[in-house]
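Comments concern the structure below.
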Amino acid sequence: MVTESELLDFMRETAYKPMTYQELEEHFHIADAKEFREFLKLLNRLEQEGKIILTRTHRYGMPERMDLVRGRLQAHAKGFAFLIPEDREHPDVYIHANDLKSAMNGDTVLVRVNSKSVAGGKLEGEVVRVVTRAITQVVGIFQNEEAYGFVIPDDKRINRDIFIPKEGFNGAANGQKVVVRIVQYPEGRAAAEGEIIEILGHKDDPGVDILSIIRKHQLPEAFPEDVMEEAMNTPEEIDPSEIAKQGRRDLRDKVIVTIDGEDAKDLDDAVNVERLPNGNIKLGVHIADVGYYVREKSKLDQEAYNRGCSVYLVDRVIPMLPHRLSNGICSLNPKVDRFTLSCEMEFNEQMKVVKHDIFTSVIRTKERMTYTNVRKILEDEDPEVTDRYSDLADMFRLMKELALKLRSKRMRRGAVDFDFEESKVIVDENGKPTDIVKRERSIAEQIIEEFMLAANETVAEHFHWLKVPFIYRIHEDPDQEKLLNFMMFVANFGYTVKGGKGDRVHPRALQTLLEDIQGTKEQTVISTMMLRSMKQAKYDAESTGHFGLAAEFYTHFTSPIRRYPDLVIHRVIREVIENGGALTAARQDYLNSRMQEIAQQSSDRERVAVEAERDTEQLKKAEFMLDKIGEEFTGIISSVTSFGMFIELENTVEGLIRLSAMTDDYYHFHEQHMALIGERTSKIYRIGDEVEIRVARVNMDDHTIDFEMVDMKPRRRDDGSYGGGFGGKPGQGPGKGGKGGKNGGKGGKAGAGKAFGKAGKAAGGKGKASGGGKRSKRGAAGAGASVDAGPAVSFGFGSGKGGYAPGPAATSRKAGGSGGAGKGSRRKKTSASGIFIGGSSGGGTPGADGKPPRKKR
């Protein structure tokens with residue numbers, strides 16, 4: 001039987017030329033009818049997965065030999081996208097909106113690389129084929145047009161509305177948040193078509209906001225019945241006979257504790273330390289043996305694989321495992337027996353692991369400690385708390401000593417430690433945000449952090465040298481181009497990255513720079529830019545090292561209740577221990593064939609979880625600022641762009657000051673310096689600068705906040721009045737007459753003021769309804785020009801989907817795209833976002849059957 005690897009290896013050979021299935025059959029000497037059928041199935045499957053290509057002449061070949069690149073599509077709100085290739089060595093490929101075909105964000109696609117752009121030799125390409133669809137359903141607001149409808153997606157990366165035929169409404173009412181299943185994907189100018197499968201409620205109803213984010217990311221909430229049935233069959237407590245039968249090491253007499261947050265319920269790690277007679281310190285890290293209860297290929301295991309990890313939203317947790325396990329038999333609750341996997345490490349004075357042991361165990365924790373109480377003992381020396389835990393206080397002091405020494409060693413070897421402040425949004429029982437508090441990183445958090453890092457490294461190195469299939473946590477070296485840009489950037493401040501040759505830099509050099517800038521004005525700007533120049537950490541079947549931790553070997557061993565990779569390696573660890581330190585050849589082959597796929601799935605699910613967590617946090621932060629409009633705050637510039645600058649407040653809330661609102665001068669964006677520089681005054685705004693701002697607007701549709709400068713005066717115009725617009729020459733474009741302008745009228749307040757060069761003419765709409773001159777109800781939508789992409793760029797009909805809408809008021813979807821069609825213009829049928837559907841010129845009206853005309857195939 002021909003295997004997948006044999007076939008692909010043959011096709012990758014330099015001498016291989018595309019063959020028909022008959023030629024391949026002859027090459028592999030396939031004579032048996034059954035084997036032939038299986039071979040055809042293999043060819044079809046690989047072709048479906050995009051691993052091989054069937055040419056027009058019915059020959060099979062490899063995509064890379066045909067200038068095709070396979071990867072994941074990362075779409076942008078402005079319409080274009082990037083291909084993130086599966087081949088790590090291959091650079092990203094830019095794809096113009098017109099070359100996306102029917103592909104959408106997250107899809108796995110094959111792209112043909114057509115050219116390199118003039119500037120910088122960037123690759124450009126076009127989508128040849130969609131291999132797998134990432135988006136099958138979309139969350140958005142339903143807009144009823146009677147004969148048909150539209151769903152305006154919440155996800156701005158889906159930059160065209162979904163067309164809904166009358167029969168697809170399924171009871172949805174205008175303005176409701178809905179989930180729509182895509183029936184037909186976008187083709188040419190035609191929109192995607194769908195049917196409504198779930199009505200979440202009105203967008204302002206309590207709870208609908210978070211529910212929308214859960215549906216948007218397709219996060220599973222309730223567990224299927226068969227999974228719950230399996231969970232209910234797990235025991236609530238350990239059978240004592242099992243301990244001896246399994247040969248676990250009994251650690252129940254040791255002083256072992258858990259240290260977690262007050263509200264944590266899934267306690268998956270416990271620790272203990274002791275000073276040995278030889279002066280060394282012995283650290284024990286004991287992790288819940290979840291793999292013992294969640295067996296490979298069980299329903300629980302399949303569900304955990306699909307979920308990938310637990311997701312921690314602002315007001316709830318979507319767990320990877322049912323509560324019966326995560327909060328019950330798998331949680332290291334105090335004073336009860338629990339099965340664990342233990343890693344014991346002996347550290348000498350230089351903090352080198354001189355001896356280690358990894359084994360199955362049973363523990364009984366002495367106390368469920370919180371970060372707060374450990375901090376009170378070690379930092380505050382609170383007499384009441386210290387007295388309450390007097391029998392444990394000495395152990396905590398030894399833990400502090402060990403943790404600080406481990407951290408010091410890690411810093412010396414060059415681990416990069418970003419000390420960014422994190423926050424937590426506090427919500428009431430109705431989901432309304434009541435406060436934003438900063439997360440502490442006290443000595444208690446550092447103790448657990450250092451101990452888990454030590455265990456992860458020890459386990460990773462141990463199993464790397466055993467050469468068994470494993471999953472590692474890797475962090476690749478920074479991209480050469482990004483690193484070079486970062487080095488040029490810090491040179492503006494008079495710093496150099498020591499040892500950096502432009503192609504490779506040791507993490508120690510970056511950590512040294514972070515230490516050099518500690519406490520300086522530019523600390524925030526340089527730290528932020530350094531972080532942006534780095535790659536994302538991910539899971540992999542190969543151990544290639546962790547750049548940020550300056551670790552040669554690293555894995556995730558310590559959280560099997562909430563991370564699937566940890567659960568998988570726990571099974572491998574226990575299997576190796578139970579089989580005398582090795583695996584059978586068959587088992588080795590099977591695990592090898594699965595590990596990369598599990599690593600990829602875990603990385604993908606982690607990304608989804610991070611996006612969902614970020615979305616809910618952004619949503620609740622915007623809601624928190626709703627009643628603070630008009631209030632003044634001191635903030636720090638956290639990012640500078642071509643369309644304005646982002647300001648972060650003390651409570652970590654971030655808002656945008658648009659370039660169009662900076663009216664005391666004309667500001668130019670200098671990318672290399674990451675600064676906005678005034679044309680007349682030479683005033684400079686850059687990351688890290690402190691500014692006084694006022695909360696101007698909160699957009700709960702996009703979860704964005706607009707700030708304005710407290711001391712910003714409007715720029716003086718040649719005619720003696722003051723304009724509120726940006727760019728262009730006075731009088732150019734129909735949207736002139738900003739706030740307070742001589743000709744502006746009240747309608748001018750909603751427009752962007754003077755138009756921005758040619759873009760103003762394109763985006764400002766027609767006639768009086770575009771925001772200049774007489775007052776117009778649609779004035780709010782008539783933003784004179786979008787400044788998101790710089791001069792002479794128009795995003796069509798004021799959809800606001802090209803990023804942040806321009807002008808003092810964000811573009812209203814309800815008002816239609818162009819702020820009213822103006823005199824004599826014929827209003828065309830569009831969705832509320834102003835995106836035209838069908839037709840050769842981007843306009844057109846739906847046909848007689850209520851469906852937009854489609855491009856012939």
Side-chain angles (χ1 to χ4, degrees), residues 622 625 628-649 653-669 675-681 683-686 689-699 702 704-717 721-728 730 733 735-741 744 746-757 759-760 763-764 771-772 779-791 798 800 802-812:
M625 298 301 287
K628 291 165 184 61
I629 293 173
E631 291 186 27
E632 295 178 5
F633 297 90
T634 300
I636 299 287
I637 299 174
S638 58
S639 182
V640 179
T641 71
S642 59
F643 54 88
M645 54 191 185
F646 288 92
I647 313 298
E648 186 176 309
L649 306 184
V653 166
E654 199 172 52
L656 173 70
I657 295 181
R658 301 170 190 279
L659 213 55
S660 55
M662 297 174 69
T663 52
D664 65 339
D665 202 347
Y666 297 96
Y667 287 91
H668 298 279
F669 173 55
L676 290 173
I677 302 177
E679 186 179 295
R680 180 174 51 81
T681 59
K683 193 171 183 180
I684 299 174
Y685 290 102
R686 62 184 181 189
D689 287 352
E690 193 174 274
V691 289
E692 298 296 320
I693 63 93
R694 184 183 299 110
V695 182
R697 275 164 303 278
V698 176
N699 184 334
D702 296 338
T704 55
I705 303 163
D706 276 10
F707 293 154
E708 59 191 16
M709 291 288 206
V710 169
D711 58 351
M712 188 66 69
K713 295 180 176 65
R715 71 173 70 87
R716 191 172 181 83
R717 292 199 351 201
S721 62
Y722 288 90
F726 171 76
K736 74 175 180 181
K739 185 177 179 183
K746 292 183 180 176
K749 184 176 182 181
K754 285 186 293 183
F756 188 79
S786 172
V787 295
D788 201 4
Y804 283 88
T811 302
S812 162

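Since the model is a prediction, treat every value here as computed from it, not as a measurement.
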Note, L649 side chain near M625 side chain (heavy atom, < 4.5 Å): yes
Gap separating the CD1 atom of I629 from the CG atom of D706, nearest 0.5 angstrom: 10.0 Å
Residues D664, M709; criterion side-chain contact (heavy atoms from CB on, under 4.5 Å); working and verdict: CA-CA 10 Å; D664 65 339; M709 291 288 206; over 6 Å; no
Positive for side-chain contact (heavy atoms from CB on, under 4.5 Å) with M645, one of R658, M662, R686: M662
Counterpart residues, side-chain hydrogen bond (donor to acceptor under 3.5 Å, both in side chains), relative to E654 (two or more places apart): S638
By ring pair (Phe, Tyr, Trp, His ring centres under 6.0 Å) - contacts of Y685 (at least two apart): Y667
Gap between atom CG of L676 and atom CZ of F669 - 0.5 Å precision: 7.0 Å
Euclidean distance, R680 CZ relative to D665 CG, rounded to 0.5 Å: 5.0 Å
Pairwise distance CD1(I647) to CG(D689) - rounded to 0.5 angstrom: 9.0 Å
Listed partners of E679 passing side-chain hydrogen bond (donor to acceptor under 3.5 Å, both in side chains), at least two apart: H668
Spatial distance of atom CZ (F707) from atom CG (L656) [nearest 0.5 Å]: 9.5 Å
Set of residues satisfying side-chain hydrogen bond (donor to acceptor under 3.5 Å, both in side chains) with respect to T641, sequence neighbours excluded: none
Partners passing side-chain hydrogen bond (donor to acceptor under 3.5 Å, both in side chains) against R694 (at least two apart in sequence or in another chain): E632, E708
N699 (side chain) donor-acceptor with T704 (main chain) under 3.5 angstrom: no
I657 vs I693 side-chain heavy atoms within contact, under 4.5 Å: yes
